[in-house]
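To start, the structure itself, in structure tokens.
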2 protein chains.
Amino acid sequence: MKAVVISIGYEILQGRVINSNAAFISRRLMLLGIDVVAHISVGDSFEDISKAFDIAIKEFNADLIVTTGGLGPTYDDITSEALSRYFGEEHVLNEDAFREIREKYESRGMMLTPERIKMAYMPKSAKSLSNPVGIAPGILLMKNNKIIISLPGVPAEMEGIWEAHVESFLRRYGTKNIAETSLTLIGVPESTLAKDLNKYARDNPDVYIKTHPKGHETRGPVNELYIMTSTSKDQDPEIICIRKCRELIEILRNNNPNLIIEGDCVCKNK
Amino acid sequence: MKAVVISIGYEILQGRVINSNAAFISRRLMLLGIDVVAHISVGDSFEDISKAFDIAIKEFNADLIVTTGGLGPTYDDITSEALSRYFGEEHVLNEDAFREIREKYESRGMMLTPERIKMAYMPKSAKSLSNPVGIAPGILLMKNNKIIISLPGVPAEMEGIWEAHVESFLRRYGTKNIAETSLTLIGVPESTLAKDLNKYARDNPDVYIKTHPKGHETRGPVNELYIMTSTSKDQDPEIICIRKCRELIEILRNNNPNLIIEGDCVCKNK
């Protein structure tokens, strides 16, 4: 299953907000064994949101699209309506969403206004995902063999809906077992390690290796070495990961006598 | 001028890194009066990097593309070669880049290796942007009426090249004067403020307004109100911004007697 994460909001394009939502969602999708193939961020514009859906589906063959942002009460929160337009659905009041929103406001003695009721409008066939943190519900739409999940842009609300509804729903679509580990490599520049790492990664297509420079390439090199192994469901991902990690460490040690390695090949199932 | 920011690297798609580079670049482009219309993140794959360029140019009509990531010494650092392939340029050793890289390694008594020399290869007509922080130079390519700037993914290196070369180069392309301010609105929910804000934004297309919820919508609402005004070069952006801000505050005060406003309409030229 291929996923694209779409982030909606001019505040992202203007750099006033760092897009941590895309990282959270991507990480959690990877834990489920769902490949994230692209992130796209666009403004609060029907045309650009529609473009983003088109790109996700036609360019990146996404089976799953997760959007964040644009579900709130203000005029520029248009994600839900954009979803209805793009997927050719009637944009209607969702009874579950409306009940939840009404209860939240009424229990606090607050009136329902058009701006507040707007958050209950969704594509006709969509399911409302109740928001345990704030008001605006998330949206689950299954249409044309695609799964679309729209979540609010406020990180705590997005994560709240993710934990409450999205993860348990998506678990059935994960196709891989993944394990990961990371070690700290001290004393040898990334560009020296590169040769061995390159060869190992080429020889082992199911192993993903990445170095993250933490020190200075020539003065005091420190690199975090991240190793991820992906296995089919019938294999034990931790055993494969430990084996691959030890194999790689052995190669690095043999070729770099000055290399100091902090940490062990302790792999975590994901 | 329209810009698209492309972030390259599987670590972004896997959520192991939060994409703060896109926010930094977008913010700085906005300061220059250059519109960022989309962000795209893809993996270290020739096919996907090429797709991202295609989308930026054909879907979002970008005049300027800024990429980050994939300029280092490892096998998966393919941005420069992807640039050469996409724009149909020979991928050659850039003399300036080579000199810089050689000096950096040699001054520290280190050998040049194929992995290190690789960082000096660029599209034939590209200009090397020297890296004041790390090794890999940035790339400036002007081709088919497009400007492409490729920067390393390590934030300190990206920012170092931006400050040293990119900002001064791009200043001539900025078409707008922009000023901004923000205030804190306490005691009234975002969904109540929405009506006035929506109307004001609709009536004033050159004013961008955004609320960022900081408290809880129904229990103790606190919202940051961000106001940005965009003006042509012959107007004083600060004066326009102060005028618009005061006008809006007046409307909000009149319609919300309980509203507490922290901060003044102190606009900063950007």
Side-chain angles (χ1 to χ4, degrees), chain A residues 7 10-20 22-30 36-43 48 51 55 59-60 72-76 104-105 108 110 113 115-116 134-135 154 189-192 194-195 197-198 201-202 208 210-213 216-219 226 228, chain B residues 7 10-20 22-30 36-43 48 51 55 59-60 72-76 104-105 108 110 113 115-116 134-135 154 189-192 194-195 197-198 201-202 208 210-213 216-219 226 228:
Chain A
S7 308
Y10 286 115
E11 69 277 19
I12 295 169
L13 298 186
Q14 296 176 341
R16 290 189 294 111
V17 162
I18 292 176
N19 188 0
S20 60
F24 174 90
I25 291 164
S26 300
R27 181 77 181 163
R28 299 300 286 263
L29 288 175
M30 205 187 62
V36 177
V37 293
H39 295 172
I40 306 166
S41 303
V42 291
D48 287 347
K51 262 183 208 173
I55 291 164
E59 295 288 330
F60 291 104
T74 59
Y75 75 100
D76 57 346
K104 282 178 178 169
Y105 283 110
R108 288 147 201 170
M110 296 169 74
T113 60
E115 289 77 19
R116 290 167 183 166
I135 306 287
V154 177
E190 191 189 20
S191 58
T192 302
K195 203 178 164 187
L197 298 178
N198 294 354
R202 275 196 216 97
Y208 176 76
K210 185 82 189 177
T211 43
H212 291 279
H216 189 283
E217 164 79 352
T218 55
R219 295 185 297 266
Y226 173 84
M228 189 185 92
Chain B
S7 308
Y10 286 114
E11 70 276 20
I12 295 169
L13 298 185
Q14 296 175 342
R16 290 188 296 110
V17 162
I18 292 176
N19 188 359
S20 60
F24 174 91
I25 291 165
S26 299
R27 183 78 181 161
R28 299 300 287 264
L29 288 176
M30 204 187 62
V36 177
V37 293
H39 295 173
I40 306 166
S41 302
V42 291
D48 288 347
K51 264 185 206 170
I55 292 164
E59 296 288 330
F60 292 104
T74 60
Y75 74 101
D76 58 344
K104 281 178 178 169
Y105 283 109
R108 288 146 200 172
M110 296 169 74
T113 61
E115 289 77 19
R116 290 167 183 166
I135 306 287
V154 176
E190 192 189 20
S191 58
T192 302
K195 204 179 163 187
L197 298 178
N198 294 354
R202 277 198 214 98
Y208 176 76
K210 185 82 189 176
T211 44
H212 291 279
H216 189 283
E217 163 79 353
T218 54
R219 295 185 296 268
Y226 173 83
M228 189 185 92

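Naming convention: chains lettered A, B, ... in sequence-line order (proteins, then strands); numbering from 1 in each chain.
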So which of A:D48, A:V17, A:V42, A:I18 has the largest heavy-atom pair count under 4.5 angstrom toward chain B?
A:I18
The interface call for A:V37 against chain B, heavy-atom contacts under 4.5 Å, is backbone
What part of A:Y10 gets closer than 4.5 Å to chain B, counting heavy atoms only: side chain, backbone, both or neither?
both
For chain A, which of B:L197, B:I25, B:D76, B:T113 has the most heavy-atom pairs under 4.5 Å?
B:D76
Segment of A:I40 engaging chain B (4.5 angstrom heavy-atom cut-off)
both
Using 0.5 Å steps for rounding, measure from the NZ atom of A:K210 to the CD atom of B:Q14.
9.5 Å
Given heavy-atom pairs under 4.5 angstrom as the criterion, report whether the side chain, backbone, both or neither of A:I55 touches chain B.
side chain
Taking the side chain as every heavy atom from C-beta outward, state whether A:R202 and B:Y75 have any pair of such atoms under 4.5 Å apart.
yes
Who pairs with A:K51 by side-chain hydrogen bond (donor to acceptor under 3.5 Å, both in side chains), at least two apart in sequence or on another chain?
none
Is there a side-chain contact (heavy atoms from CB on, under 4.5 Å) between B:R16 and A:M228 once you walk through the steps?
CA-CA 11 Å; B:R16 290 188 296 110; A:M228 189 185 92; 5.8 Å; no
Winner by heavy-atom pair count (cut-off under 4.5 Å) against chain A, out of B:A23, B:S20, B:S41, B:A194
B:S41
Is there side-chain contact between B:Y105 and A:S191, with at least one heavy-atom pair below 4.5 Å?
yes
Between B:L29 and chain A, which part of the residue has a heavy atom less than 4.5 Å away: side chain, backbone, both or neither?
neither
Given that the side chain runs from C-beta out, which part of A:K195 has a heavy atom under 4.5 Å from chain B: side chain, backbone, both or neither?
both
Checking A:E115 against chain B: side chain, backbone, both or neither under 4.5 Å from a heavy atom?
side chain
Interface check, chain A: of B:E190, B:E11, B:K104, B:H216, most non-hydrogen pairs under 4.5 Å belong to B:E11
Going by atom types alone, do B:T192 and A:R116 pair a side-chain donor with an acceptor below 3.5 Å?
yes
Which atoms of B:I135 are under 4.5 Å from chain A, going by heavy atoms: the side chain, the backbone, both sets, or neither?
side chain
Could you report the tightest heavy-atom contact between B:I12 and A:H39, atom names first, then the distance?
O-CE1, 3.3 Å
Where does B:A22 contact chain A at under 4.5 Å (heavy atoms): side chain, backbone, both or neither?
neither
Where do B:S26 and A:G15 come nearest, in terms of heavy atoms and distance?
CB-N, 3.7 Å
